[in-house]
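Here is the structure we will look at, set down as structure tokens.
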Amino acid sequence: VSPPSSAVMLVSVARSSVLAESLPDDVAAFVNHHPGIRISLDERMSPAIVRGLREGSADVGVLWDHINDLAGLQVLPWRSDRLVVAMSPGHALARRPALRLADTLDQPSINVAPGGQMDQLLRRQAALLGRLPAHRMQVSSIDAACRLVAAGLGLAILPREAATPHAGAGRMAFVPLDEPWAVRRFVLLTRRQPLLSAAA
């Protein structure tokens with residue numbers, strides 16, 4: 001089905017660093033191939049994206065596949081990212097080839113986006129070890145976390161793809177987080193046919 005020339009596709013995006021890093025290029029490529037379709041983007045929490053798709057207030061959702069209840073929706077793989085431990089180059093753990101979460105829990109750390117999905121994941125994994133993270137500070141963005149890490153105020157567990165642009169001239173060291181859950185996978189969600197809009 002060819003979409004009308006004035007079609008609008010409503011895309012809801014989870015608040016996630018990998019989306020901020022990768023989505024603009026992918027949307028630009030889509031618009032170049034489909035100039036008749038306008039994209040309307042908004043940021044929502046993942047459960048609200050799933051609800052919006054089911055209710056028809058969004059055509060496409062982009063989110064981490066950590067959400068369990070995706071029944072009735074079409075799920076397509078999109079991108080992935082890997083979590084690393086970011087720290088100043090002089091940190092005692094900076095020369096290790098890899099780290100486990102347990103290695104980080106006694107270290108002063110910076111919590112990014114408290115209450116978000118990654119924060120919940122890290123707290124849950126720490127709880128499975130019978131521990132709690134030793135958060136020294138809380139910030140709302142990757143950029144703020146990277147500035148604090150570079151200043152030597154603590155370590156942070158961050159997506160490598162989002163943190164790398166902030167590393168600049170050796171201001172931060174990244175050590176892979178060696179955990180089975182340290183690779184995050186992101187998906188595109190849509191309603192199934194025949195509920196899919198022509199633009200989607």
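Note that the structure is predicted; figures quoted are calculated from it, not measured. Values below: all heavy atoms of this structure, side chains included; hydrogens, waters and symmetry mates excluded.
Trp78 places a side-chain heavy atom less than 4.5 Å from the side chain of Leu188. Residues Arg123 and His135 have side chains in contact (heavy-atom distance under 4.5 Å, counting atoms from C-beta outward). Residues Ile39 and Val31 form a side-chain contact, since some pair of their non-hydrogen atoms from C-beta on lies under 4.5 Å apart. Taking 4.5 Å as the limit, some side-chain heavy atom of Leu83 sits within range of a side-chain heavy atom of Arg184. A 4.5 Å side-chain heavy-atom check between Arg54 and Asp69 finds at least one atom pair inside the cut-off. Annotation: side chain of Ile49 is not in contact with side chain of Arg51 (no heavy-atom distance under 4.5 Å). Side-chain contact between Leu63 and Arg44: absent, with no pair of heavy atoms (C-beta onward) separated by less than 4.5 Å. In this structure the side chain of Gln125 never reaches within 4.5 angstrom of the side chain of Glu179, judged on heavy atoms.
Here the closest non-hydrogen pair linking Pro114 and Val139 is CD-O, 3.5 Å. Across all non-hydrogen atoms, the minimal contact from Val149 to Met172 is CG1-SD, 3.6 Å. Of all the heavy atoms in Ala162 and Ile142, the pair that sits closest is O-CG2, 4.0 Å. Heavy atoms only, all atoms of each residue included: Ile37 and Ala199 are closest at CD1-O, 3.9 Å. Leu93 approaches Asp103 most closely through the heavy-atom pair CD1-O, 3.7 Å. The minimum heavy-atom distance between His166 and Arg171, with the atom names listed, is O-NH1, 3.3 Å.
A salt bridge does not link Asp65 to Arg185: none of the charged nitrogens lies less than 4.0 Å from a carboxylate oxygen. Note on Asp81 versus Arg79: no salt bridge recorded, every NZ/NE/NH1/NH2 to OD/OE distance being 4.0 Å or above. Arg96 has no carboxylate O lying under 4.0 Å from a charged side-chain N of Asp178, or vice versa, which leaves the two without a salt bridge.
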Working for side-chain contact (heavy atoms from CB on, under 4.5 Å), residues Leu73 and Thr190
CA-CA 6 Å; Leu73 296 173; Thr190 64; over 6 Å; no
Output, in order, the C-alpha distance, side-chain angles, deciding distance and verdict of side-chain contact (heavy atoms from CB on, under 4.5 Å) for Leu23 and Leu41.
CA-CA 10 Å; Leu23 191 65; Leu41 279 174; 4.1 Å; yes
Give the C-alpha distance, both sets of side-chain angles, the deciding distance and a yes or no for side-chain contact (heavy atoms from CB on, under 4.5 Å) between Ile157 and Leu177.
CA-CA 8 Å; Ile157 296 176; Leu177 187 61; 4.0 Å; yes
Test side-chain contact (heavy atoms from CB on, under 4.5 Å) on Leu155 and Thr104 and set out the steps.
CA-CA 8 Å; Leu155 57 78; Thr104 71; 4.2 Å; yes
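Trp181 and Val175 fall within the same hydrophobic cluster, defined by Ile, Leu, Val, Met, Phe, Trp and Tyr side-chain heavy atoms under 4.5 Å apart, directly or through other members. The hydrophobic cluster containing Leu76 also contains Val27, counting ILVMFWY residues as joined when their side-chain heavy atoms lie under 4.5 angstrom apart, directly or transitively. No continuous path of ILVMFWY side-chain contacts below 4.5 Å connects Leu121 to Leu132, so the two sit in separate hydrophobic clusters. Cluster annotation: Leu129 is connected to Leu122 through the hydrophobic network of ILVMFWY side chains, with a link wherever side-chain heavy atoms come within less than 4.5 Å. Leu189 and Leu195 fall into different hydrophobic clusters, where Ile, Leu, Val, Met, Phe, Trp and Tyr residues are linked whenever their side-chain heavy atoms come under 4.5 Å apart, directly or through other members.
Relative ring orientation between Trp64 and Phe186 is described as tilted, the plane-to-plane angle lying within the 30° to 60° band.
A donor-acceptor pair under 3.5 Å is formed between the side chain of Glu161 and the backbone N or O of Arg82. A distance-only check finds a donor-acceptor pair linking the side chain of Ser109 to the backbone of Ala134 [under 3.5 Å].
Separating the CG atom in Leu105 from the CZ atom in Arg131 is a distance of 4.5 Å, to the nearest 0.5 Å. Expressed to the nearest 0.5 Å, how far CE of Met9 lies from OG of Ser40 amounts to 10.5 Å. Remark: Met87 CE to Leu153 CG distance equals 14.5 Å, nearest 0.5 Å. Rounded to the nearest 0.5 angstrom, Phe174 CZ and Thr164 OG1 are separated by 4.5 Å.
Annotation for Arg124: atom CZ counts as buried by contact number, over 12 foreign heavy atoms lying within 6.0 Å. Heavy-atom contacts from other residues, nucleotides or ligands closer than 6.0 Å to CZ of Arg147 number 12 or fewer.
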